[in-house]
Structure formats: structure tokens, C-alpha cells
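What follows is one structure encoded as C-alpha cells, with my remarks underneath.
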Number of protein chains: 2
Amino acid sequence: MEQNKIPQATAKRLPLYYRFLNNLYQQGKKRVSSKELSEAVKVDSATIRRDFSYFGALGKKGYGYNVEYLLGFFRSTLDQHEITEVALIGVGNLGTAFLKYSFLKNNNIRITKAFDKDPNKVGTEVEGVPIYSIDEMDKHLGHIRVAILAIPASEADAVTDILVKHGIIGILNFTPARITVPKHVRVHHIDFAVELQALVYFLKHYPLEKDE
Amino acid sequence: MEQNKIPQATAKRLPLYYRFLNNLYQQGKKRVSSKELSEAVKVDSATIRRDFSYFGALGKKGYGYNVEYLLGFFRSTLDQHEITEVALIGVGNLGTAFLKYSFLKNNNIRITKAFDKDPNKVGTEVEGVPIYSIDEMDKHLGHIRVAILAIPASEADAVTDILVKHGIIGILNFTPARITVPKHVRVHHIDFAVELQALVYFLKHYPLEKDE
DNA sequence: CTTAAATTGTGAAAAATATCACGACTTTAT
DNA sequence: ATAAAGTCGTGATATTTTTCACAATTTAAG
């Protein structure tokens with residue numbers, strides 16, 4: 001719970017920077033400019049420099065940023081050294097997609113337990129992650145504080161209550177329901193239908209520039 | 001391509017309002033206040049009133065909003081009368097989740113065609129949606145202008161080029177790749193790993209209030 | 001009919017975010 | 001050694017978004 005000085009908009013971009021820096025490092029790149037990074041992550045280069053500047057002077061004028069140094073810096077800033085365990089609630093198609101999604105594996109975040117209602121799934125494993133019954137959350141949730149909610153909307157409220165009761169304080173909610181939680185719990189919503197409708201709306205009402 | 005006066009932040013919330021208004025209408029509710037709506041969608045009530053006000057005076061002082069009227073208004077604003085067809089690219093777990101996701105069915109947006117590389121999938125149907133080969137996009141894409149990209153990141157750039165070549169102008173990108181497109185194409189990114197890392201970062205660095 | 005409670009719509013202010021533009025410094029080329 | 005090109009960090013500015021707070025109006029209650 002350190003410094004609360006970084007703008008939220010910046011904080012949301014940090015994981016993105018981290019991933020691309022990792023790519024560059026893997027590719028053996030030694031240095032990178034805000035302009036290059038800008039083209040890769042599609043964020044204005046001035047915004048990138050501003051974002052970085054909240055953490056101090058990380059680059060060198062006329063040179064750019066040292067990839068390895070910057071990566072190390074973000075690694076500790078994003079607490080990549082300590083692993084955060086996450087529970088997956090709902091092992092349907094969407095839930096399974098998470099379990100198979102390798103980007104979550106090269107990362108400080110691990111889905112270590114999954115929960116489902118279906119008795120046929122309970123007791124099995126997917127990608128090495130054991131599936132427990134939602135009704136046995138108290139036995140199996142352990143110290144996990146973050147959950148991905150990938151269940152039908154109709155069950156969202158009831159399951160959320162269970163999660164909160166068992167100590168979850170962060171929920172990534174993929175259901176279309178806007179769940180209600182106590183103030184100490186943070187919820188981020190990812191709402192496919194809204195995103196898709198918004199995209200279509202923008203296409204119709206916000207004309208883009210022509211190509212050059 | 002009408003009035004471009006609505007703030008983008010507002011535009012993004014419209015589909016959300018629309019969905020909840022629909023819920024209320026289904027429940028037989030005749031009127032609703034910005035305060036009630038605020039509790040349902042978790043958006044500040046002043047923001048809701050401001051959002052609505054861009055479209056004129058839709059409510060009545062001391063009364064609130066007439067659900068049916070407001071719903072009708074949003075229906076036409078969001079072009080719910082005309083159906084937008086969408087192509088799904090990639091019928092893995094994530095793609096299948098979209099096809100089964102019923103929220104996209106009670107809606108002006110329909111996934112009508114799917115594409116995949118896997119020869120075992122090509123020629124079959126999932127939830128009544130036919131699956132074609134990505135290599136036969138020219139034959140089957142037809143007039144579709146919007147695509148959901150749900151394929152491995154490694155293929156994102158190549159497939160995007162194909163999509164753009166065949167007239168796609170809106171892409172909802174679920175891959176972690178930041179794809180490059182001509183200026184006339186709009187891309188919205190939904191990046192699971194980034195969202196999850198950002199949630200964890202916020203939990204650690206932005207303490208929430210205590211419960212009452 | 002009168003009064004109290006509820007609620008909108010919005011001007012104004014505040015807060016958050018993004019962008020411009022340039023001095024200072026570094027690197028690269030000649 | 002010098003000049004040219006590249007690049008950061010950031011003050012200042014612009015833009016966008018949210019929030020406050022209240023007059024105006026409607027509804028509901030007595």
C-alpha cells in the first residue's frame with residue numbers, strides 16, 4: 001500500500017508496458033525509445049514518457065531507455081517477484097479459455113484453483129488446475145484473495161456473496177451483471193456485450209480518418 | 001455518421017444503460033430515477049443525468065424517467081432496429097463462449113459467421129453458426145464489417161491483414177497482440193492479462209475504503 | 001389546497017488525462 | 001572536433017470527464 005501518486009490511467013497501462021518490454025528483452029534488444037514503444041503498444045509517445053516519469057528519470061536523453069534496466073524496474077514495481085494466486089469461478093468455455101491462456105503463465109499471476117457447480121467437473125483437473133465445488137469454497141479457497149468470475153449472470157450475485165464471505169477482495173467480473181459488494185472489495189467489469197455494442201456505436205457515429 | 005457531440009465516455013456507457021433499462025422494462029417497472037439506475041449500473045447518478053442530458057430532456061423533474069419512453073429512445077439511438085452482423089475469428093474455447101453467450105442474442109448484434117484454421121472444425125456449426133476456413137474469407141465474409149478476434153496472439157497480425165483486406169472496419173481484439181491497422185479501421189482491445197494484472201496492482205496500491 | 005419530499009437538468013468547478021513543444025543532453029556521422 | 005540527429009523530462013496548455021450543488025418542477029401526503 002505504498003505511494004498513491006500514480007494516476008489510475010497510468011497504472012492501467014503498466015502491465016502493457018511490462019509485457020512489451022519483456023518481448024523486447026527476449027528479442028535481445030538493448031535499448032528502446034518512447035517512439036518505438038509507442039508504435040508497439042499504440043499509446044502516444046508523450047504519454048509513455050509522462051507515465052514513466054512518475055517513477056523518476058528512467059531514461060537518458062538522446063538515447064532512450066535501457067530495456068533491461070526498465071524491465072527490472074517494472075518487475076519490482078509490478079511486484080513480479082511475488083506470485084499472486086487467483087481462483088477461477090466457472091469452468092465453462094470462457095473459464096477453460098483462461099486456464100489454457102499461456103499469457104497468464106509467464107507472469108506473477110497464477111490461477112491455482114478452479115470452482116464449478118457441475119458435479120461432473122468437480123474432482124477433475126484442467127491444465128493441472130484442480131476443480132472444486134463452489135459449495136466447498138471454505139475448504140479449498142485457502143488464502144486466495146482474487147477471483148475471476150466466469151459464470152452465468154443469473155448466479156453472479158449469489159456466488160459473489162460466497163466469494164466475499166470467504167475473503168475475496170478483488171473480482172474480475174466477466175458476467176453482464178453489475179454485482180454489489182462491500183466497500184473493501186474491488187470489482188473490475190469486462191462486459192463483452194457492452195464492448196461489442198460500443199464498438200459498433202463508435203463505428204457509426206465517430207468517423208475515423210481516411211488512410212494516407 | 002450523425003452528431004459527434006456525445007463524449008466518448010458517455011457513448012461507452014450507453015449499451016450498459018440500455019441493457020438495464022431493458023431489464024427494468026421486462027420487470028414491468030414504469031419509472032426509474034437516476035438514483036435507482038445508479039445503484040443498478042454502479043455509475044454516479046449525476047453522471048447518468050449528465051449522460052442523458054446530451055440527448056435532450058428525457059426525464060421529468062420530481063418524477064424521474066419513464067422506462068418505456070427512455071428504452072425506446074435508446075433503442076433508436078443505439079440503432080437497435082437494424083441488425084449488425086459480426087464475424088467470429090477463432091472458434092476455440094473463447095470463441096465458443098461467444099457463440100453460446102445469450103446476451104448477444106437479444107440484441108441488434110449477431111454473430112452470423114465463424115472462421116477457424118482447424119480443418120476439423122471447418123464445415124461444422126456451433127450454435128447454428130457455420131464455421132468456414134480463414135483461407136476462404138473472400139468467399140464467405142460477405143458484407144460483414146465487424147469481427148471478433150479470438151485466436152492465438154502469434155497469428156493476430158497475419159489474420160488482421162486478411163480481415164482488413166476483406167473490408168472489416170471494426171475489430172474487437174481479444175489477443176494480447178497490439179495489432180496494426182490502417183487508419184480507417186477501429187480496434188478495441190480487451191486484454192485479459194492486462195486487466196488481471198491491473199486489478200492486482202490496484203488492490204496493492206490503491207486501498208479502498210473500509211465498509212460502513 | 002398546502003406543504004414536504006423527490007428528482008431533473010445544468011452552470012460552474014474540480015479533477016483527471018492527454019498533448020504540445022522545447023531546453024538539455026547523448027549519440028552518431030563526418 | 002564539430003555538427004546533425006535523436007531523445008528524454010517536463011512546464012504549460014488543452015481536452016475530457018466527473019462531481020457539486022441548486023433552482024425549477026412534479027408528485028405525494030395530509
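Residue numbers begin at 1 in each chain, while the letters A, B, ... track the order of the sequences.
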Completion exercise
Paired with A:Y65, the ring-ring contact (aromatic ring centres under 6.0 Å, His included) test is passed by just one of A:Y17, A:F52, A:F74, A:F73, namely A:F52
Practice task
Could you say whether A:G62 or A:L58 is positioned toward the 5' end of DNA chain D, judged by the nucleotide with the nearest heavy atom to each?
Solution key: A:G62
Practice task
For atom NZ of A:K35, decide whether the heavy atoms of other residues, nucleotides or ligands shown that lie under 6.0 angstrom number more than 12.
Solution key: no
Handout entry: Boundaries of the chain A footprint along DNA chain D (any atom under 4.0 Å from a heavy atom)
Key = D:dG6 to D:dA12
Practice task
Taking the side chain as every heavy atom from C-beta outward, state whether B:V43 and B:R13 have any pair of such atoms under 4.5 Å apart.
Solution key: yes
Exercise for the section: Describe the nucleic acid contact of A:S34 in one word from base, sugar-phosphate, nothing, applying a heavy-atom distance below 4.0 Å. Expected result: sugar-phosphate
Problem - Side-chain donor-acceptor pair present, B:D51, B:T10, cut-off under 3.5 Å - result: yes
Practice task
State, yes or no, whether a side-chain contact exists between B:H189 and B:N173 at a heavy-atom distance under 4.5 Å.
Solution key: yes
Exercise for the section: Please examine the side chains of A:S45 and A:R49, heavy atoms only from C-beta on, and report whether any two atoms are closer than 4.5 Å. Expected result: yes
Problem - Side-chain heavy-atom pair B:F115, B:L141 within 4.5 angstrom cut-off - result: yes
Practice task
Extract, from 5' to 3' on DNA chain C, the first and final nucleotides lying under 4.0 angstrom from some heavy atom of chain B.
Solution key: C:dA6 to C:dA12
Practice task
Could you tell me how the ring of A:F174 sits relative to the ring of A:F192: parallel (under 30°), tilted (30 to 60°) or perpendicular (over 60°)?
Solution key: tilted
Exercise for the section: Describe the nucleic acid contact of B:F52 in one word from base, sugar-phosphate, nothing, applying a heavy-atom distance below 4.0 Å. Expected result: nothing
